[in-house]
Number of protein chains: 2
Amino acid sequence: MEGFLQAFNRLSPHTDAARHDLLGCLRSRSFEKGDCLLRSGAICRNLYFLDSGLVKTCFTTSDKEFIMRFFPENNLFTVLDSFTTQAPTFYEIVALEPTTVTCIEQAELEVLCRKHHCTETAFRKLLAFATVNMMKRISEMLEENATERYKHFLKDQGALLQRISLGDLANYLGITQVSLSRIRSKK
Amino acid sequence: MEGFLQAFNRLSPHTDAARHDLLGCLRSRSFEKGDCLLRSGAICRNLYFLDSGLVKTCFTTSDKEFIMRFFPENNLFTVLDSFTTQAPTFYEIVALEPTTVTCIEQAELEVLCRKHHCTETAFRKLLAFATVNMMKRISEMLEENATERYKHFLKDQGALLQRISLGDLANYLGITQVSLSRIRSKK
DNA sequence: ATGATTATTTATCATTTGTAAAAAGAACCC
DNA sequence: GGGTTCTTTTTACAAATGATAAATAATCAT
């Protein structure tokens with residue numbers, strides 16, 4: 001719970017009352033490797049802080065999987081489209097390792113945002129940083145070919161390489177595993 | 001100015017005081033076709049509401065241009081990475097038609113967000129919707145090939161087709177103009 | 001209208017990536 | 001150890017896209 005609290009407090013300093021209310025809404029959960037934190041077709045009701053482990057957010061169409069993002073420990077994450085609209089999503093959240101999270105429900109966060117200005121500020125800043133990351137992703141996909149995207153991944157998130165399968169990395173880069181294997185062999 | 005005010009009020013109902021303060025910060029500007037609202041290397045200091053006209057947000061590397069998004073009238077927009085971090089950006093905002101906007105400076109909006117909870121809520125929701133759009137874009141780029149992305153554009157933003165060049169559309173889709181021409185001829 | 005410029009299409013060839021199938025390697029279980 | 005499964009690499013071929021150049025078409029300024 002401490003990690004979540006600290007993360008929000010770092011985004012925007014929280015009053016004692018806001019911290020207390022926020023703490024009251026937090027729940028801890030654990031998942032095995034391979035478990036779904038969120039299934040396709042469901043509504044994403046939680047904002048998560050990843051205490052330990054690793055997850056991917058992804059979606060599947062006609063037996064192909066595409067990965068939006070990996071989230072290692074000490075990250076706030078959720079499926080922002082469904083979390084925002086509270087409509088069913090086709091995205092999934094899947095644990096790639098044994099994972100423990102601290103989470104808060106969307107409805108509760110919404111109440112806290114109304115009640116405590118500092119909490120809303122923190123959430124607003126979280127969203128702002130999310131957009132920065134997404135813009136980077138879009139830019140890379142526009143500008144770079146698969147080889148460049150692979151090298152870029154090594155540079156930015158190379159530490160994750162040891163923890164994810166090359167199949168998942170290919171699904172993140174938007175290419176086939178065969179193509180990724182080709183790229184890796186050519187250096 | 002009315003459009004900006006209404007847009008924010010629709011995102012979160014504003015108190016009279018918040019509306020008044022917001023109005024006090026708004027400025028109107030006009031641009032010719034081809035003008036830059038934001039230059040590469042500059043800091044994006046404004047959040048814009050597009051009263052009339054059309055703009056693109058884009059970036060250029062080694063004489064190739066890539067387009068992040070088109071914004072037609074009645075849209076709130078900015079370059080969110082620089083607006084968030086107040087650091088120089090490599091993105092640009094360029095008017096594709098004679099354009100009039102209403103804008104507010106980041107520093108002023110930040111003050112208003114602190115002062116008026118409803119303004120911060122509106123801005124937070126604006127960011128949330130921006131992330132939804134960006135997720136769609138990323139998903140499409142992962143899942144769809146150029147032909148599918150073109151058809152998708154026709155479906156979602158087909159009305160813009162009359163107002164933008166095919167070169168710009170190609171730069172948005174992440175393919176060459178030659179490739180787009182090929183796709184169009186093959187139906 | 002005329003000529004100049006810009007935008008779009010067409011053609012050709014090289015490169016990249018996808019598809020499918022098979023082989024090699026690694027991890028796991030009994 | 002041997003067998004099983006999953007992951008990764010390799011191969012061969014097809015399809016998509018990029019690069020370049022040339023040909024049309026459209027637009028604009030005078």
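Below, read A as the first sequence line, B as the second, and so on, with proteins coming before strands; counting in each chain starts at 1.
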Most 5' of B/Thr147 and B/Lys33 on DNA chain D, judged by nearest nucleotide: B/Thr147
Distance in angstrom units between B/Leu180 CG and C/dT10 C1', rounded: 14 Å
B/Thr176 side-chain N/O to D/dG18 phosphate OP1/OP2 under 4.0 Å: yes
Whether over 12 other heavy atoms sit under 6.0 Å from A/Phe31 CZ: yes
Sugar-phosphate, base or nothing in reach of B/Ser165, heavy atoms under 4.0 Å: sugar-phosphate
Whole-Å gap separating P (C/dA26) and CD (A/Gln177): 15 Å
Phosphate OP1/OP2 of D/dT9: any A/Arg184 side-chain N/O under 4.0 Å: yes
Worked verdict on B/Asn46 versus B/Leu37 for side-chain contact (heavy atoms from CB on, under 4.5 Å): CA-CA 9 Å; B/Asn46 291 287; B/Leu37 283 72; over 6 Å; no
Nucleotide D/dC6, atom P - distance to CG of A/Leu96 in whole Å: 17 Å
A/Glu110/B/Arg124 ion pair, N-O < 4.0 Å: yes
Spacing of B/Phe66 atom CZ relative to D/dG18 atom P, expressed in whole Å: 10 Å
Side chain of B/Ile183 (C-beta onward), nearest among D/dT7, D/dT10, D/dT17: D/dT17
Protein-nucleotide distance (B/Leu173, atom CG; D/dA16, atom C1'), rounded to Å: 15 Å
Main-chain N/O of A/Gly53 paired with A/Arg163 side-chain donor or acceptor, under 3.5 Å: yes
Chi angles and distances behind the side-chain contact (heavy atoms from CB on, under 4.5 Å) call for A/Tyr172, A/Ile164: CA-CA 11 Å; A/Tyr172 173 82; A/Ile164 63 178; over 6 Å; no
Rounded distance in Å - CG (B/Asn171) to C1' (C/dA7): 13 Å
Side-chain N,O (B/Lys64) to OP1/OP2 (D/dA19) below 4.0 Å: yes
Nearest-nucleotide pick for B/Leu166, side chain only, options being C/dT8, C/dT17, D/dT17: C/dT8
A/Ile164 CD1 - D/dT7 P separation (whole Å): 13 Å
Whole-Å distance separating the CD atom of A/Gln162 from the C1' atom of C/dA26: 16 Å
Selected nucleotide, minimal atom distance to B/Val178 side chain, candidates D/dT9, C/dG18, C/dA11: C/dA11
